[in-house]
Amino acid sequence: QVQLVESGGGLVQAGDSLRLSCVASGRTFSTYTMGWFRQAPGKEREFVAATSWRPDNTYYANYADSVKGRFTISRDNAKSTIYLQMNSLKPEDTAAYYCAASAIRMPVPVVPAAYNYWGQGTQVTVSS
């Protein structure tokens, strides 16, 4: 069982930055694929970014096209925490952001159904 708790959301202006955090509890955090999804009102939950363990003991990161070059996902296994650094925020980034964990490593899962555990979400609102 893995429990996830997100934090770091808030109200910012376009062009600002935010860093989301997600703390995980569980014994095998380092081997889980950890991802971020977001969901705006009336829309489907969509993939944002994920970091997945590789056999050479490195981590692979994958991003949605809409956030490439602006968002960075990272993880600190010692703290069982992942981060989502969001720069150059746009109004269209407004959504509830969810942290998720998947036992699937490769290919990096990008659909919500592939993730076994979810956090409660943190709201990000970007004003124009």
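- Residue Glu92 qualifies as enclosed at atom CD: its count of foreign heavy atoms under 6.0 Å is above 12.
- Interatomic distance, Ile82 CD1 to Ser74 OG, rounded to the nearest 0.5 Å: 8.5 Å.
- A cation-pi contact links Arg45 to Trp118, judged by a cut-off of 6.0 Å to the six-membered ring centre and 45° from its axis.
- Hydrophobic clustering of Ile, Leu, Val, Met, Phe, Trp and Tyr side chains at less than 4.5 Å, counting indirect connections, unites Met86 with Tyr63.
- Note that the OH atom of Tyr83 and the CD1 atom of Ile73 stand 12.0 Å from one another [nearest 0.5 Å].
- Between the side chain of Thr122 and the backbone N or O of Gly9, at least one donor-acceptor pair lies under 3.5 Å.
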side-chain contact (heavy atoms from CB on, under 4.5 Å) assessment of Gln123 paired with Thr94
CA-CA 8 Å; Gln123 180 67 35; Thr94 295; 4.0 Å; yes
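- Side-chain contact of Asp76 with Thr81: a donor-acceptor pair under 3.5 Å is absent, judged by distance alone.
- Taking both residues in full, the closest heavy atoms of Tyr60 and Arg54 are given as CB-CD, 3.5 Å, listed atom of the first, atom of the second, then distance.
- Atom CZ of Arg19 and atom OG of Ser7 lie 9.0 Å apart (nearest 0.5 Å).
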Counting only pairs under 3.5 Å, give me each side-chain donor-acceptor contact of residues 95-115, with atom names and distances, residues two or more places apart or in other chains.
from	atom 1	to	atom 2	distance (Å)
Tyr97	OH	Arg38	NH1	2.9
Tyr97	OH	Asp93	O	2.6
Ser102	OG	Ile104	N	3.1
Ser102	OG	Ala114	O	2.7
Arg105	NE	Thr31	O	3.4
Tyr115	OH	Pro109	O	2.8

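- A chain of hydrophobic side-chain contacts below 4.5 Å, direct or via other Ile, Leu, Val, Met, Phe, Trp or Tyr residues, connects Trp36 to Val124.
- A distance of 9.0 Å separates CD in Gln85 from CG in Leu20, rounded to the nearest 0.5 Å.
- Taking all atoms of both residues into account, the shortest heavy-atom contact from Leu4 to Cys22 is CB-SG, 3.9 Å.
- Put simply, the side chain of Glu6 gets close to the backbone of Gln120: a donor and an acceptor are under 3.5 Å apart.
- Judged as a ring-ring contact (aromatic ring centres under 6.0 Å, His included), and not counting sequence neighbours, the contacts of Phe47 are Phe37.
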What verdict does the side-chain contact (heavy atoms from CB on, under 4.5 Å) test give for Leu84 and Phe71, after you've listed the backbone C-alpha separation in whole Å, the side-chain angles of each residue and the deciding distance to 0.1 Å?
CA-CA 7 Å; Leu84 185 68; Phe71 290 11; 4.1 Å; yes
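- The side-chain heavy atoms of Tyr117 and Ser25, taken from C-beta on, include no pair separated by under 4.5 Å.
- Of all heavy-atom pairs spanning Pro55 and Trp53, the tightest one is CA-CH2, 3.9 Å.
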Check the pair Thr51 / Asn62 against side-chain contact (heavy atoms from CB on, under 4.5 Å), numbers first and verdict last.
CA-CA 6 Å; Thr51 172; Asn62 193 18; over 6 Å; no
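- We find the CG-CE distance between Asn77 and Met34 to be 9.5 Å, quoted to the nearest 0.5 Å.
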